[in-house]
2 protein chains.
Amino acid sequence: MSDEELTIADRINTKLDDLTRAERQLAHSILENYPASGLGPLTALAKGAQVSVPTVARMVQKLGFKGYPEFQASLREELRAKVQNPIAKHDTWAEGAPSGHVLNRFTDAVIDNIRHTLGHIAPEKFDQACEMVGDQSKPLYIVGGRVTHTLAEYLFLHMQVIRPRVTHIQSTSNSWPHYLLDVSEGDVFVIFDVRRYENNTLKLAEMAHARGAKIILFTDQWRSPVHQLAEISFSSRIVVPSAWDSAATTMLLVETMIAAVQDADWDNIKDRMEGLEDMFDQTKLFRKFT
Amino acid sequence: MSDEELTIADRINTKLDDLTRAERQLAHSILENYPASGLGPLTALAKGAQVSVPTVARMVQKLGFKGYPEFQASLREELRAKVQNPIAKHDTWAEGAPSGHVLNRFTDAVIDNIRHTLGHIAPEKFDQACEMVGDQSKPLYIVGGRVTHTLAEYLFLHMQVIRPRVTHIQSTSNSWPHYLLDVSEGDVFVIFDVRRYENNTLKLAEMAHARGAKIILFTDQWRSPVHQLAEISFSSRIVVPSAWDSAATTMLLVETMIAAVQDADWDNIKDRMEGLEDMFDQTKLFRKFT
DNA sequence: AATGCTCTGTTATAAAATTTCCAGAATTTT
DNA sequence: AAAATTCTGGAAATTTTATAACAGAGCATT
């Protein structure tokens with residue numbers, strides 16, 4: 001790989017556009033666990049990618065090989081070179097980028113954040129929170145601040161599909177007090193608040209709490225003052241090599257929560273989702289996924 | 001490597017004494033450049049080790065395999081497991097949660113997605129994209145769809161601080177054609193489009209492209225059709241154990257981009273950020289971070 | 001709605017790789 | 001030193017694997 005030799009993975013990526021649907025499907029399957037899958041027999045590769053045998057044969061020719069054996073030989077050669085090469089490539093995420101490249105530095109930090117964050121979460125609390133969020137007998141309010149409102153909205157978007165009676169409140173808007181009029185004992189609030197913590201959010205939390213609402217809080221490692229009012233808090237580590245904080249870890253938690261809530265009552269939710277699909281089909285807003 | 005399975009190299013080393021001369025010769029040849037040589041055809045391996053074909057067949061049986069194909073399959077499996085674990089995958093992320101808990105399953109998937117995604121990004125392309133996004137002489141448009149608009153907004157929110165002349169367009173809104181009136185040669189578009197790909201987004205991209213705008217696309221592994229119009233595309237892996245796709249990886253890329261753009265012109269950006277801080281202080285929207 | 005195109009998978013054919021069998025060489029034992 | 005045993009490689013047999021030819025399906029275009 002010292003000189004201009006491209007790896008086969010590179011070649012596949014480059015040619016990706018020239019490939020047909022089945023071939024692309026195959027290409028992704030090869031890259032999925034590279035290079036192992038390409039080293040097996042053609043038949044197995046085809047089955048794994050759920051394409052026909054000739055499709056594989058055709059694609060390797062498109063990639064510039066005379067036939068599958070030649071393709072494999074090249075793959076083995078690449079593997080040999082890589083193993084023999086003493087520079088440990090495995091500690092960089094983006095291969096080809098120097099380890100000091102921002103892609104690697106940032107990714108390192110985020111992975112680290114994820115590790116720390118997950119390590120401090122009590123699974124029972126998480127399950128409990130999911131149950132509260134999924135409880136359709138109680139209205140659900142989702143609250144975000146200036147930056148976190150994107151996370152709040154993301155959660156809202158999905159919750160709206162999953163269940164009825166969901167409301168998204170932006171604490172930075174001045175209309176939020178109106179929403180609180182309807183809040184009663186036992187309602188559930190999911191609140192996002194990371195530094196710099198927002199006064200509005202705290203006020204909102206206080207009022208919701210006073211009305212007997214249960215609060216689930218997503219915050220950072222230093223914890224928003226809201227956490228004293230919260231039933232359950234999740235603190236994410238958010239430090240990255242940037243002037244900003246990272247929302248990636250919190251995003252991960254939110255997505256996990258969506259998945260968990262959904263799994264818990266899948267049979268009913270499926271109907272809702274299918275209904276939504278139908279509506280989208282009718283509006284022709286989306287293309288069919290091929 | 002989940003249980004106490006030994007690697008094939010280990011097995012060979014253990015059995016080394018029980019092997020005959022020709023077999024030992026072969027064994028050393030296999031270990032010479034392991035595992036590549038064992039993944040080729042039996043004939044080639046025999047020739048490389050200067051032993052006969054049946055010798056190879058016999059030895060793999062001595063190692064406990066039914067035949068050469070089974071030996072190879074085992075070797076590939078070993079390779080797959082090894083490549084897949086740059087970070088120890090098998091310790092659980094949320095300690096105390098069973099490894100089958102959704103927190104761990106989801107996190108595994110996301111980490112895996114990150115690994116794959118970063119592996120396919122060309123650092124030069126990324127740098128180039130950052131430069132385009134940071135170029136203050138060109139207007140910047142950020143476009144998101146139904147789900148991705150949260151990502152778009154996140155990027156917009158930060159870009160707005162970093163530089164002037166940023167516009168956020170929601171492709172699902174019907175007012176977007178108005179924005180395109182002002183687009184001219186060389187303007188930069190950052191477009192988010194993941195499955196199910198949205199017709200509106202494609203239309204928008206086509207019109208922007210027709211007007212000579214440069215497009216940077218964030219999409220998924222199957223690639224939005226927009227990518228054919230795009231100057232630069234980034235494909236994230238987005239599959240998670242959920243009915244939905246994950247935005248976490250794309251979020252990571254977006255945050256990295258924000259950090260990179262910011263670093264590139266830090267001196268000027270710092271002033272802008274401080275100005276913003278002042279304004280927030282005056283509105284007393286935030287608490288001081290202590 | 002019909003026509004032409006490209007793409008995909010099934011079937012058939014050819015090639016190759018692996019296994020088996022056997023005879024001769026090498027080694028050990030008597 | 002001869003005989004028995006084990007090991008080794010050549011060649012055939014068998015299985016597996018890859019390629020080629022073809023027809024039907026799907027898609028876009030007119």
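Residue numbers start from 1 in every chain, and the chains themselves are labelled A, B, ... in the order their sequence lines are given, proteins ahead of strands.
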Open item on the list: Please report the end-to-end axis angle for the helix from dA1(C)-dT30(D) to dT30(C)-dA1(D), five pairs per end, rounded to 10 degrees.
Closed with: 30°
- [ ] Measure from CG on L39(A) to C1' on dT17(D) and round the result to the nearest Å.
- [x] 16 Å
- [ ] Flag the pair D112(B) and R115(B) as a salt bridge only when some basic side-chain nitrogen lies within less than 4.0 angstrom of an acidic carboxylate oxygen.
- [x] yes
Task: Between T117(B) and T249(B), a side-chain donor and acceptor under 3.5 Å - done: no
- [ ] Give a yes/no verdict on a cation-pi contact between R211(B) and F189(B), requiring under 6.0 Å between NZ or CZ and the six-membered ring centre and an angle within 45° of the axis.
- [x] no
- [ ] Give the B/S/- string for nucleotides 9-28 of chain C, one per nucleotide from 5' to 3', where a protein heavy atom under 4.0 Å of the base yields B, of only the sugar-phosphate yields S, and otherwise -.
- [x] BB-------SBB--------
TODO: Look only at the side chain of R272(A) and the backbone of Q160(A), and say whether a donor-acceptor pair between them is shorter than 3.5 Å.
DONE: yes
TODO: Tell me, please, whether F65(A) has R11(A) positioned over its six-membered ring: NZ or CZ under 6.0 Å from the ring centre and within 45 degrees of its axis?
DONE: yes
Task: Integer-rounded Å distance: dC7(D) P and R24(B) CZ - done: 11 Å
TODO: May I have the distance from F71(A) (atom CZ) to dA18(D) (atom P), rounded to whole angstrom?
DONE: 11 Å
TODO: Whole angstrom is fine here: how far is it from NZ in K47(A) over to P in dT16(D)?
DONE: 12 Å
Task: For V240(B) against D245(B), the heavy-atom pair lying closest together - done: CG2-C, 4.2 Å
- [ ] Over 60° means perpendicular and under 30° means parallel, so classify the ring planes of H168(B) and F156(B), tilted if in between.
- [x] tilted
Task: Interatomic distance where NZ belongs to K62(A) and P belongs to dT6(C) [whole Å] - done: 12 Å
Open item on the list: Please find the pair of heavy atoms, one from R24(A) and one from L19(A), that lie closest to each other, and give the distance.
Closed with: NH1-O, 2.9 Å
